[in-house]
Amino acid sequence: MVIIMKPEATEEAIEMLKLKVESLGVKVSRTQGENCSIFGLVGDTSKLDPNHFLVEEIVDRVFRVQEPFKLANRKFHPQDTVIEVGNSIIGGDKIAVMAGPCSVESEEQIVTIAKQVKESGATFLRGGAYKPRTSPYSFQGLRENGLELLKLAKDKTGLPIVTEVMAVNQIEGMLEYADVFQIGARNMQNYDLLKEVGKTDKPVLLKRGFSATIEELIMSAEYIMAEGNQNVILCERGIRTFETYTRNTLDISAIPALKRLTHLPVIVDPSHAAGMWWMVEPLAKAAIAVGADGLIIEVHNDPANAKCDGEQSIKPERFDSLMNSLREIAKVNDRSL
Ligand code: PEP
Ligand code: MN
């Protein structure tokens with residue numbers, strides 16, 4: 001972090017500020033320019049807030065040299081994080097594919113879909129038991145019953161479960177059912193929830209908020225990691241832009257950006273990005289081509305009668321052919337599915 005003083009700052013005030021900054025646990029390297037003094041802060045500045053120094057009358061400008069995130073930062077952890085869940089892996093050479101319905105609806109539905117996606121090569125089963133719906137009148141999920149049905153589907157297929165936790169008080173009851181906790185876009189900045197999942201040892205799939213910047217997404221991952229849980233998977237799921245044709249706009253550049261800035265696995269949700277089933281395949285292919293570590297895709301055996309997000313769900317047969325195409329694309333990046 002660099003702090004630039006105003007030209008009129010007195011020597012006494014500058015030295016006082018130097019002591020104050022040093023009391024925060026960093027070293028100050030002072031440079032005297034032609035018109036002003038400059039402090040270069042040396043040490044861990046990730047816990048310092050630039051705004052904190054702007055309130056000082058003698059300070060003209062403050063800016064960061066390092067990113068404000070440390071644990072998620074590739075600079076301090078050059079190797080890719082690889083997360084193992086049962087026999088499935090996220091990160092590394094293998095592409096992870098999480099597939100399943102938006103929400104669990106019945107035993108027959110979830111077991112049928114789980115078997116089909118497993119057959120096609122999916123490595124995780126997704127399915128919401130607690131659903132964050134825009135309208136309180138929409139289907140809210142089967143809740144505890146949904147978790148039981150996910151367990152049943154896991155028993156039958158061996159696929160680990162990715163499912164959304166919406167509130168702190170759901171965490172404990174979900175520990176036995178979820179293999180990966182999904183934090184939804186609407187909760188990306190629910191800091192209490194992030195801290196609590198950070199205290200568990202379950203991998204966390206953190207979805208980008210509708211209007212969150214790349215840095216805000218990483219800062220949310222940092223919340224989880226700061227509590228001890230280093231197994232965070234970042235998910236680009238489309239953001240709000242001026243475009244209304246698609247449900248959201250898939251920010252394809254977020255993938256190489258996140259891969260460069262952090263060591264965490266990055267996956268893409270083409271279903272929520274597009275909001276239209278026919279766009280899921282091209283976006284999924286693009287995501288793998290651009291270097292994503294995996295995908296989370298909504299698959300439903302009867303989209304027309306789905307209780308949630310049927311319009312953006314692909315049928316199992318399409319999922320199967322998509323997987324075949326993805327295998328070819330993955331090879332180009334020296335990866336496999
Ligand atoms: C979902 O995965 O079903 C979901 C609700 O996603 P998001 O939080 O990205 O909207
Ligand atoms: Mn959905």
Side-chain angles (χ1 to χ4, degrees), residues 1-3 24-26 41 43-55 62-81 83 90-91 132 164-168 171 180-241 248-269 272-273 291-293 296:
M1 195 176 291
V2 172
I3 306 179
L24 297 170
V26 287
L41 276 52
D44 181 7
T45 56
S46 60
K47 296 195 176 80
L48 302 183
D49 180 356
N51 292 321
H52 181 74
F53 302 113
L54 279 175
V55 298
V62 184
F63 53 88
R64 283 193 178 279
V65 181
Q66 294 283 5
E67 295 89 1
F69 46 91
K70 191 152 197 218
L71 298 169
N73 201 323
R74 191 181 277 283
K75 279 193 192 127
F76 309 116
H77 187 299
Q79 301 94 338
D80 286 328
T81 285
I83 301 172
I90 311 161
E164 178 160 354
V165 57
M166 281 172 57
V168 169
I171 295 176
V180 176
F181 276 138
Q182 176 175 326
I183 301 284
R186 292 158 189 80
N187 268 322
M188 189 206 86
Q189 287 179 314
N190 181 340
Y191 298 118
D192 278 345
L193 183 59
L194 300 179
K195 284 186 196 167
E196 289 307 312
V197 294
K199 289 176 190 155
T200 74
D201 59 4
K202 294 260 180 225
V204 179
L205 167 54
L206 178 64
K207 299 189 91 177
R208 182 177 181 182
F210 306 126
S211 53
T213 63
I214 287 171
E215 187 170 290
E216 285 165 343
L217 170 62
I218 303 173
M219 291 310 286
S220 288
E222 193 81 6
Y223 259 93
I224 300 167
M225 299 171 86
E227 295 298 328
N229 188 345
Q230 307 304 303
N231 291 331
V232 180
I233 305 136
L234 303 172
C235 179
E236 163 59 38
R237 46 78 72 207
I239 49 173
R240 281 248 163 107
T241 66
N248 292 287
T249 299
L250 180 64
D251 182 6
I252 202 90
S253 56
I255 300 141
L258 289 167
K259 295 290 298 174
R260 186 184 175 96
L261 291 167
T262 89
H263 53 85
L264 300 172
V266 177
I267 70 161
V268 169
D269 176 346
H272 289 86
D293 297 297
I296 179 162

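Nearest approach of A212 to I239, heavy atoms of both residues: O-CG2, 4.4 Å. The two residues I255 and G291 make their nearest non-hydrogen contact at CG2-C, 4.0 Å. The heavy-atom pair separating P203 from I233 by the smallest distance is CB-CD1, 4.3 Å.
Within the 3.5 Å criterion, the main-chain N or O of F69 finds a donor-acceptor partner in the side chain of N73. Using modelled atom types, one side-chain atom of E236 and one backbone atom of D251 make a donor-acceptor pair closer than 3.5 Å. A donor-acceptor pair is defined here as one N or O able to donate and one able to accept, closer than 3.5 Å; such a pair exists between the side chain of D293 and the backbone of V266. Side chain of H263 to backbone of L71: a donor-acceptor contact under 3.5 angstrom is found. A side-chain donor-acceptor contact under 3.5 Å links T213 to the backbone of E216. H52 places no side-chain N or O within donor-acceptor distance of the main-chain N or O of L54, the cut-off being under 3.5 Å. Looking only at distances, no side-chain donor or acceptor of R237 sits under 3.5 Å from a matching main-chain atom of G184.
Of the residues K207, M188, E222, the one that meets the side-chain contact (heavy atoms from CB on, under 4.5 Å) test with L217 is M188. A side-chain contact (heavy atoms from CB on, under 4.5 Å) with L205 holds for exactly one of I267, D269, I183; it is I267.
Around atom CZ of R64, more than 12 heavy atoms belonging to other residues, nucleotides or ligands sit under 6.0 Å away. Applying the 6.0 Å contact sphere to NZ of K75 captures more than 12 heavy atoms from other residues, nucleotides or ligands.
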task: Begin from the C-alpha positions of L258 and L264 and carry the test side-chain contact (heavy atoms from CB on, under 4.5 Å) through to its verdict.
output: CA-CA 8 Å; L258 289 167; L264 300 172; over 6 Å; no

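By the 4.5 Å heavy-atom criterion applied to side chains, N229 and F181 are not counted as neighbours. For the pair D80/R74, a side-chain contact is recorded, criterion being any heavy-atom separation below 4.5 Å from C-beta on. Side-chain contact between I83 and P265: present, with at least one pair of heavy atoms (C-beta onward) separated by less than 4.5 Å. Counting heavy atoms from C-beta on, the side chains of D44 and K70 come closer than 4.5 Å. Side-chain atoms of N187 and P132, non-hydrogen and from C-beta on, never get closer than 4.5 Å to each other.
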Could you go through residues 191-198 and list every donor-acceptor pair under 3.5 Å that involves a side-chain atom there, pairing it with any protein atom two or more places apart or in another chain?
{"residue": "Y191", "atom": "OH", "partner": "Q189", "partner atom": "NE2", "Å": "3.3"}
{"residue": "E196", "atom": "OE2", "partner": "K199", "partner atom": "NZ", "Å": "2.9"}

